[in-house]
Protein chains: 4
Amino acid sequence: MVKELRVGLLGTKFMGRAHSNAYGQVAKFFETPLVPVLWKACARDEAALVEFAERWGWQHATTDWRELVVDPEVELVDVGTPNHLHAKPALAALAAGKHVACEKPLAGTLEDARAMRDAAADAAGQTFVWFNYRRCPAIATAYRFVREGRLGRIYHVRARYLQNWGGPETPGSWRFRKELAGSGAHGDLNAHSIDLARFLTGDEIAEVHGAVARTFHPERPTEDGGTMKSDVDDALAFLATFESGTLGTFEASRVAGPHENANSIELNGELGSVRFDFENMNVLEFHDAADGPREGGWRRIQCTTANAHPFVANWWPPGHGLGYEHGFVNQVADMLRVLGGEEPEVPLADFADAYETQRVLAAALVAAEERRAVRLSTIE
Amino acid sequence: MVKELRVGLLGTKFMGRAHSNAYGQVAKFFETPLVPVLWKACARDEAALVEFAERWGWQHATTDWRELVVDPEVELVDVGTPNHLHAKPALAALAAGKHVACEKPLAGTLEDARAMRDAAADAAGQTFVWFNYRRCPAIATAYRFVREGRLGRIYHVRARYLQNWGGPETPGSWRFRKELAGSGAHGDLNAHSIDLARFLTGDEIAEVHGAVARTFHPERPTEDGGTMKSDVDDALAFLATFESGTLGTFEASRVAGPHENANSIELNGELGSVRFDFENMNVLEFHDAADGPREGGWRRIQCTTANAHPFVANWWPPGHGLGYEHGFVNQVADMLRVLGGEEPEVPLADFADAYETQRVLAAALVAAEERRAVRLSTIE
Amino acid sequence: MVKELRVGLLGTKFMGRAHSNAYGQVAKFFETPLVPVLWKACARDEAALVEFAERWGWQHATTDWRELVVDPEVELVDVGTPNHLHAKPALAALAAGKHVACEKPLAGTLEDARAMRDAAADAAGQTFVWFNYRRCPAIATAYRFVREGRLGRIYHVRARYLQNWGGPETPGSWRFRKELAGSGAHGDLNAHSIDLARFLTGDEIAEVHGAVARTFHPERPTEDGGTMKSDVDDALAFLATFESGTLGTFEASRVAGPHENANSIELNGELGSVRFDFENMNVLEFHDAADGPREGGWRRIQCTTANAHPFVANWWPPGHGLGYEHGFVNQVADMLRVLGGEEPEVPLADFADAYETQRVLAAALVAAEERRAVRLSTIE
Amino acid sequence: MVKELRVGLLGTKFMGRAHSNAYGQVAKFFETPLVPVLWKACARDEAALVEFAERWGWQHATTDWRELVVDPEVELVDVGTPNHLHAKPALAALAAGKHVACEKPLAGTLEDARAMRDAAADAAGQTFVWFNYRRCPAIATAYRFVREGRLGRIYHVRARYLQNWGGPETPGSWRFRKELAGSGAHGDLNAHSIDLARFLTGDEIAEVHGAVARTFHPERPTEDGGTMKSDVDDALAFLATFESGTLGTFEASRVAGPHENANSIELNGELGSVRFDFENMNVLEFHDAADGPREGGWRRIQCTTANAHPFVANWWPPGHGLGYEHGFVNQVADMLRVLGGEEPEVPLADFADAYETQRVLAAALVAAEERRAVRLSTIE
């Protein structure tokens, strides 16, 4: 008799859909010690919520998040709301003894994030953060290569997350207001890059050595024909060193030409290198320095072989690639394993882990806001 | 009757070979108002010099650079010596009324560079700096796209020059001592990247917002079985903004895994993007935003069509790619045009231009040496 | 009130899973005039069938396909069994007035295929064949480009479907016996390539000009430690011309080195070209000859933009790629549209259409078996 | 004291330039037992010839090839004329005791080619054919991998040589008349592909199993505003098997969309695979099956490392790629080695070898002209 886990979901937009799909699909592809029950969904727009719940198979619906987080039937609260709305429901759910799965970044502010970390430390429930890219088979393969020592000492981490939807014609919204969004491309995209960098290396960032934020379009049209101010970064780059001495470069942008969703990261080590670009998500490139210059080079690994690449055995035969949403299904599988006392395929981020990522986001913002620079006019 | 230009060359190593080849090949492929005469070569090792001069067709040889730079027959002095040996002969040649072509970077120190720029401003001779990559057909094509407005406002410059020869087993040499080399990967590689960024955008860097240098291997073996200290950067990354507001990221490394000689640069603009990687030097990738998402994407342009791509008409039929050395031949062709009163295919760097690149190198070193950082330990 | 369509499924292996997933997912992502009900599944192994039905949500199960195809509740019979087992149930289902969706290729033999086509012509039910690759957004985009005249007159079709699982250590099975499988790589892989070629061009193959089949491993190990004969092709290549004069080259292999599942096709026309490789399934490469050599080249289109690329609007925001299984979900959506009286996104193959593909498969086998060749020993 | 070899050159067009450059460059980069002297050049247009000879450094010039081939000073006769003009001067030169280097394909007809092979067999002089692509470092590396057993038994050879200059607007010339050119894309491009296939595998083609030639544009404009008939192939594809059983597919085209000069070849073997595309000529892709699916994939080898990749040590430091013309310089170096009694870097083609390639060209033409086909109208 399989054990069930009743889930309550907050948020029914993009992430609400992705999470709902994951809960619905997991039992078809994975054997897990628990199976999720789509118990109750929550959003503010009642009509849309009812349609959403019916479509995805949520058994109940509520427009009151406070009711959901204390619903005695709910065992896992999934927070899929905008960043500045993570902390309150997450804290309430932890206080009510629930497990909590929260979208990334952990929170809209470092203060919120700290409170969430602290609450998690004392809570009975377990916590998870939806850093979904960890569960692309290619990324999980890279994680294992690093753990097996295939890269040796790591010299370079080079992370760029480039998108292109932020041109001047893009209408303003809450995403372009710092008080609501916290930051622009930085919190949205660098959050993923920092998590991947920490996850893959197993190392922590020690210092941020400079950062530049650019708001290329400080004024944006509104949908009613007016304009609004934007005060968040359209792009933000920063430099960092890790505790081991690794040099890290990070760049996030919403105005990066042809790049629709290029979440890319490269690690160069003494013994090997890996690189990944989500634009071709089923591929990991790997270089084994032991191959030597005569017959070595980037190896283009199709990470689509069961038992060779994590998560693949649960899906399709070799060579049949996965898509974006599979990272979420894979994450639900691993959360269910952990809650059922088993090991995940690769480690999940909890609130304490995600708080470390949030600290790096904050440090980069501090560096960007200090605007310390060497002016060329001083160099003669 | 074609006019001749007698050349005197200093330095007979890698650059001496590349320059000699260029002088020897140019008249076979180009019609120029002047043709070079390989008049006199100079190096310290007399036996090697004689062999070199004979191989490449230099009519005379001398071990005394001071003699060469004042030789009344010499019209163009080519300085192909190590960086810290650029200034003296260049200044002497300018003082003697010669034209001077100097290897990049302009000098080993900013002071030397400034003196060279100032001397050039007052001199009768013309000056050139061997930023050879400007004359890859793909780069020259990108230059023209920018000038024609195909990129519009430029948001991003993303330059990386990655090599891999600097692992721990690489023996120490003068290149690893700051007092001789000035810097490590920075001066060697970022010099090219900064020049390309300035050349392509036509914009100047206004501020450097942070820099990190890493000496991963502070001790290196020597060829006699001992060890020596290395005090130059194995890698250096920095962030910059241009006067127009463009955000620039730069990274140079000698320990970057599989990258043998990956001189790469990408520009993202409002109307279009370009990117180039010397590992596939005959290709320019171009994105025209006007293509729209339905049918747009990186276009892989083979820059090998006569009359469509600069310099190609002088070489082979369409599709027959060029190699590394062609940039040097193309540069000699353009120098001869300029000295003969004609227009170059694309602009050449003179000392004043190269001094601006040197200032950026210096500003990044200042930023790296200040070591201002946001410590993660201060972020809680 | 949404109309339902009750489905009966034959086969619970790879295709049974892919089809079940598609029926389960379609209503979550698409608005269709009918929604499928997973009514009854059929397979021979009862224990496995029960587990399968429960996992995927089939409401009923039977081990007797004859019962399923006449079940009055069933409206659509889905034939997901091995090739030589397509004809009987499909014919029975058509005779019972059902709609039929059949896996590709249409049948194990041309005779069976002809009978199926003829029965479909006279039947009340509609027929469909699971040529799933038509519904990759990249392929559907290419289809539209051709229809819009972007390629002009088509000179070349170049199709290769390369896999690598057929090395000498691969155990024998029914797949390696001609009487059961019909052919080897040919029927399995060239079936897809021929369908794509016909679908994309809208043209029919007129002649097959030569074919070679190779059985590299005529003896294979069996799982009980013995050996068996293999008499099917491990690879088969053939040449064809289309009615319009287009030259087509086709190649299928199971022993093609690193290619796990490289279903690739390229079309070169007077005005433009497209190419696709399933190893990077979210990308279509397109060349518009009107770009000219100066700024033209393969455009790498990320076919992941809603409303720009077919099917994408139903899934995720721009840049979030799809995987293998989405082609099946997309196909179910289009079958439901057709059965509900609406237009599909791009045309579906019915039995008459799939029979044309089968004829080409047969013609290539005839050519291969004739073994007409010009022996080099006759050329002096 | 270095020994000299006096060269006489026939033809001053594209190949005349490429060969002249090679003779001029070789001694600058290679140490060879002989050094070439550019003794005498021959062409019909005297004015152009004089300009050519001066530019490239030919000491003498003549418009009479019969004089050149018997000039007692000439030791090596280089035949760089159009295909149908190879045989006469080559035979005369051999009769005069000269060494002969002939452009590819060996001759315009099989009869001519046979006569040349027979004459070479009895001659005192040595013969060479300019299959220049053998001397791309990437191809020479692939050659060695095969010889070292890295590919094991070879299942597939897949060769395509695609160009795009033959659209309907391209003016007619002798190249489009069979009586002068012999064939179209076939002799020009498949000649290279067949040579590479034979060179890399070390195997001979045993049978041609079908061929299709297409003349897409049977009428072409002439430069005087009229039209002319074209009776050569714009594209020709054929299928072959090698003596060992390897399956080969070959395709040549002049109307292949964006492909300017895509000379590509792939070999799939039991133990490994290689592929090459001249559009990125410094790269060899290699797959070592021993890497396994978990960490294996196409390795992108930059064939630019001295001592690791053939010919590279003679040119530039690691990572500084070569271009089209270097294959010719490398070939001259190897011809000089052979004539001086040393071993070439990789084997050169002589007339006997090139005759084997010509036989395959002829067999494919026979197959194409037989037009044996399975008509789809016969398959029901």
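Each chain gets a letter, A, B and so on, in the order its sequence line appears, and its residues count up from 1.
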Student: Does a side-chain N-to-carboxylate-O contact under 4.0 Å join B:E251 and A:R158?
Tutor: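 Counted as a salt bridge, because a side-chain N and a carboxylate O are separated by less than 4.0 Å.
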
Student: Nearest 0.5 Å, what's the CD1-CD1 distance between B:I205 and A:I379?
Tutor: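 Output value for this atom pair is 12.0 Å.
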
Student: As an exercise, state the distance from OG1 of A:T249 to CZ of B:F250, rounded to the nearest 0.5 Å.
Tutor: 13.0 Å

Student: Using heavy-atom distances under 4.5 Å, tell me whether A:R117 contacts chain B through its side chain, its backbone, both, or neither.
Tutor: neither

Student: Please state whether the side chain, the backbone, both or neither of A:R114 comes within less than 4.5 Å of a heavy atom of chain B.
Tutor: side chain

Student: For each of A:A256, A:A362, A:A367, tally heavy-atom pairs with chain B at distances under 4.5 Å, and name the one with the top tally.
Tutor: A:A256

Student: How long is the span from the CD atom in A:E111 to the CD atom in B:E380, to the nearest 0.5 Å?
Tutor: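 With rounding to 0.5 Å, CD (A:E111) is 12.0 Å from CD (B:E380).
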
Student: Have a look at A:L376 and tell me which of B:E356, B:E204, B:R359 forms a side-chain contact (heavy atoms from CB on, under 4.5 Å) with it.
Tutor: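 Of the listed options, the one satisfying the test is B:R359.
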
Student: Among B:A235, B:G245, B:A237, which residue has the highest count of heavy-atom pairs closer than 4.5 Å to chain A?
Tutor: B:G245

Student: Quick check: does any side chain N or O of B:R372 sit under 3.5 Å from a backbone N or O of A:R372, one acting as donor and the other as acceptor?
Tutor: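 Side chain of B:R372 to backbone of A:R372: no pair is present.
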
Student: Within a reach of under 6.0 Å around CZ of A:R371, are more than 12 heavy atoms found that belong to other residues, nucleotides or ligands?
Tutor: no

Student: If you check every heavy atom in residues 206-216 of chain A against those of chain B, which residues fall under 4.5 Å?
Tutor: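 If one takes a 4.5 Å heavy-atom cut-off, the residues of residues 206-216 of chain A near chain B are A:A206, A:E207, A:V208, A:H209, A:G210, A:A211, A:V212, A:R214, A:F216.
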
Student: Out of curiosity, A:S253 OG to B:N268 CG, how far, rounded to the nearest 0.5 Å?
Tutor: 7.0 Å

Student: Below 4.5 Å, heavy-atom pairs only: which of B:D234, B:L162, B:L151, B:D291 has the largest tally toward chain A?
Tutor: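 Of the candidates given, the most pairs with chain A belong to B:L162.
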
Student: Heavy-atom distance under 4.5 Å to chain B: side chain of A:S377, backbone, both or neither?
Tutor: backbone

Student: Among B:H156, B:H287, B:E266, find the one that has a side-chain hydrogen bond (donor to acceptor under 3.5 Å, both in side chains) with A:H259.
Tutor: B:E266

Student: Of all heavy-atom pairs between B:G257 and A:S273, which one has the smallest distance, and what is that distance?
Tutor: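 B:G257 and A:S273 have their closest heavy atoms at CA-OG, 3.5 Å.
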
Student: Assess the side chains of B:H217 and A:E270: does a donor N or O sit below 3.5 Å from an acceptor N or O?
Tutor: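 Checked: B:H217/A:E270 side chains show no N/O donor-acceptor pair below 3.5 Å.
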
Student: Name the region of B:R299, side chain, backbone, both or neither, that has any atom closer than 4.5 Å to a heavy atom of chain A.
Tutor: neither

Student: Using a cut-off of under 4.5 Å on heavy-atom pairs, state which of A:V255, A:V366, A:L271, A:D288 scores highest against chain B.
Tutor: A:V255

